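Just so we're on the same page: letters track the sequence lines, and every chain starts at 1. This structure is a prediction, so every number in the text was calculated from the model and none was measured. Below, each value reflects all heavy atoms present in this structure, side chains not excepted, and no hydrogens, waters or symmetry copies.
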Amino acid sequence: MTSVQPTLDDLGRRARTLEPTSAEVDAILRRAHEAKESRLRTPRSIAIIAALTLSLVAALVAVPATRTALGNAIDAFFGGLAPDHPVNGQPLRGPLVPAWMRAETKRALVVGGVGTDRLIAYRDHGAYCFHYGASVAECADGHEWAQELAQYPVVLRGPTGGVGHPVGALYGFTRGDVTSVTLTFVNRPSVRANARNGGFAIHTDARWKPRELELQDIRGQIIATVNVAGRFTAYR
Amino acid sequence: MTERIEVLVARARQGDRVAESALAQRAAARALQVAAVAMGDAHAARDVSQEVAVRVLRGLGGLRAPDRFDAWVYRIAVSEIRRAYRQRSRRAEVPLQETPSGTRGEGSANEMLFARAGLRAALAELSERERMALALRYVHDLGDEQIAKAMLCRPGTVRSLLSRARAKLSASHELADHAPRAGHGSVALRSPGIAKEHS
């Protein structure tokens, strides 16, 4: 057998000499700004108005979740796995696909909210994006979201608020079989939130000492429990 | 780059083009270097690195922990490399070791990168994930936890991938059949030395 350590070390050294050219960096900046300008031109106001309208409807009527076939992007991702490329947890198919990732979901979707702050899911140039409130936003492609949710039934974010501000919200994106979440506290009653559209947001206060987030299915059975106490230690 | 990454991110968010350019350079370089090894092709890696850097700049507003900029870049890079693999397999492109060189001047880059005869072919014998883990470890010296976060797997899986990859390369006939040769330019012959397992 051949010793490969020096070969690999040498390969790494050689790879580190590769650099993008100035023309490539210029092209990157140009494309990044074109994308921003394109987003500004698109009728986002229409999407936001539609999302707010949806939120009013959702507040009054429980929308039953319909489970449909996967979108092409998710199928292609899992269909292209190499034999030694196991996916931890359950593959994201059928009822496990959250509402905002389904092929028929074309417009912005309100998946949760606290007070006047809404967690909104929308598509942007093929990416799946989320806005929460006025300032938090993130985008990733379907494969990343699918892989995360295949490993864990929830992708958690927050709490919002910032250091020194204990009041905020814990929010997250959930697998399709999660229909509600319950946040437990050390010194106050639990709070439950609807997660049928693939997300949720719960008002939190670090002084209440949030403890665990329970994820429930449509029958109320607990699918998973996440310890969230560590997310709030900065505020104590 | 002497400015702290958090400062650059803050400035870029405020529209500072110099800071944006620095971040684009940083993201593209990291992605290019990893992708070149993971994909076995410096030419294809340049396309991937541009996609990564564009995604990074577009998503800068959503980055909650600016001090984890590099970790975020690696994760996007892994995603884009995988996407490139799927596109290549759907287009039934030529296998890794037979990618034409010399287009857009990248033939010399591939020759420089894979100067060790048989190395490119030996890497082609690995799985996509094994090559990815190797690239992240040997190009930028990422630890098991960092690689796990980039590849969205567990550290134990990373250790298995690296161990299998090294074992396959050690046993590879492609490497065994070719004695190390001098690289281009001033690269000197190196003796194998004593192998050290990376912690």
Side-chain angles (χ1 to χ4, degrees), chain A residues 1-22 24-36 39 76-77 79-88 124-125 127 129-131 135-141 143-144 147-148 150-151 157-158 160, chain B residues 17 20-21 24-25 28-29 32-34 36-37 42 45-46 49-50 53-55 57-59 61-62 64 75 79 82-83 85-86 89-90 109 112-116 119 127-129 134-135 138-141 152-154 157 166 169-172 175-176 180 190 192-198:
Chain A
M1 292 183 52
T2 310
S3 168
V4 293
Q5 187 72 27
T7 298
L8 291 172
D9 288 337
D10 184 58
L11 176 63
R13 271 192 293 274
R14 289 170 186 269
R16 289 193 294 275
T17 67
L18 297 172
E19 289 285 340
T21 64
S22 54
E24 286 171 342
V25 174
D26 288 344
I28 289 164
L29 292 169
R30 206 164 41 244
R31 284 180 56 198
H33 283 276
E34 280 170 6
K36 281 184 198 169
R39 279 204 300 278
F77 174 72
L81 284 177
D84 64 337
H85 192 157
V87 174
N88 294 321
D124 187 352
H125 292 82
C129 301
F130 293 90
H131 260 292
S135 57
V136 181
E138 66 178 293
C139 295
D141 67 27
H143 312 295
E144 284 196 65
Q147 191 162 22
E148 287 215 57
Q151 295 197 21
R157 295 287 184 264
T160 61
Chain B
R17 294 295 178 108
E20 268 190 329
S21 178
Q25 170 85 25
L32 170 62
Q33 291 159 8
V34 168
V37 172
R46 287 197 178 270
S49 70
Q50 291 203 39
V54 170
R55 271 182 68 175
L57 289 186
R58 283 175 52 190
R64 294 187 68 243
R75 196 157 144 198
S79 169
R82 285 180 174 155
R83 189 212 298 262
Y85 271 131
R86 287 190 294 278
S89 65
R90 279 199 290 271
M112 178 280 297
L113 191 58
F114 303 105
R116 169 74 193 270
L119 176 57
S127 72
E128 172 194 324
R129 276 158 59 91
L134 270 188
Y138 285 96
V139 176
H140 290 141
D141 201 27
L152 292 178
C153 64
R154 293 180 170 83
T157 304
R166 285 191 283 256
L169 289 175
S170 292
S172 169
L175 282 178
R190 301 170 63 85
I194 299 172
K196 290 181 184 173
E197 278 302 306
H198 200 101

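Partners of R16(A) according to the side-chain hydrogen bond (donor to acceptor under 3.5 Å, both in side chains) rule, which considers only residues two or more places apart in sequence or in another chain, do not exist here.
Of the residues considered (S49(B), S21(B), A36(B)), S21(B) shows the highest number of contacts with chain A, using heavy-atom pairs under 4.5 Å.
Between L29(A) atom CG and Q25(B) atom CD the span is 10.0 Å, to the nearest 0.5 Å. Separation of atoms NE2 (H33(A)) and CZ (R58(B)) is listed at 12.5 Å; rounding is to 0.5 Å. For the atom pair OG1 of T21(A) and CZ of R46(B), the computed distance is 6.5 Å after rounding to the nearest 0.5 Å. The CG atom of L32(B) lies 9.0 Å from the OG1 atom of T17(A); values are rounded to the nearest 0.5 Å. A distance of 11.0 Å separates CG in L11(A) from CZ in R116(B), rounded to the nearest 0.5 Å.
Taking both residues in full, the closest heavy atoms of L18(A) and A109(B) are given as CD2-CB, 4.4 Å, listed atom of the first, atom of the second, then distance. Across all their heavy atoms, A28(B) and I28(A) have their closest contact at CB-CD1, 3.9 Å.
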side-chain contact (heavy atoms from CB on, under 4.5 Å) evaluation trace for R31(A) with L57(B): CA-CA 10 Å; R31(A) 284 180 56 198; L57(B) 289 186; over 6 Å; no
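Not one N or O on the side chain of R14(A) forms a donor-acceptor pair closer than 3.5 Å with the backbone of F114(B).
Interface remark: L113(B) contributes backbone and side-chain atoms alike to the contact with chain A (heavy atom separation under 4.5 Å).
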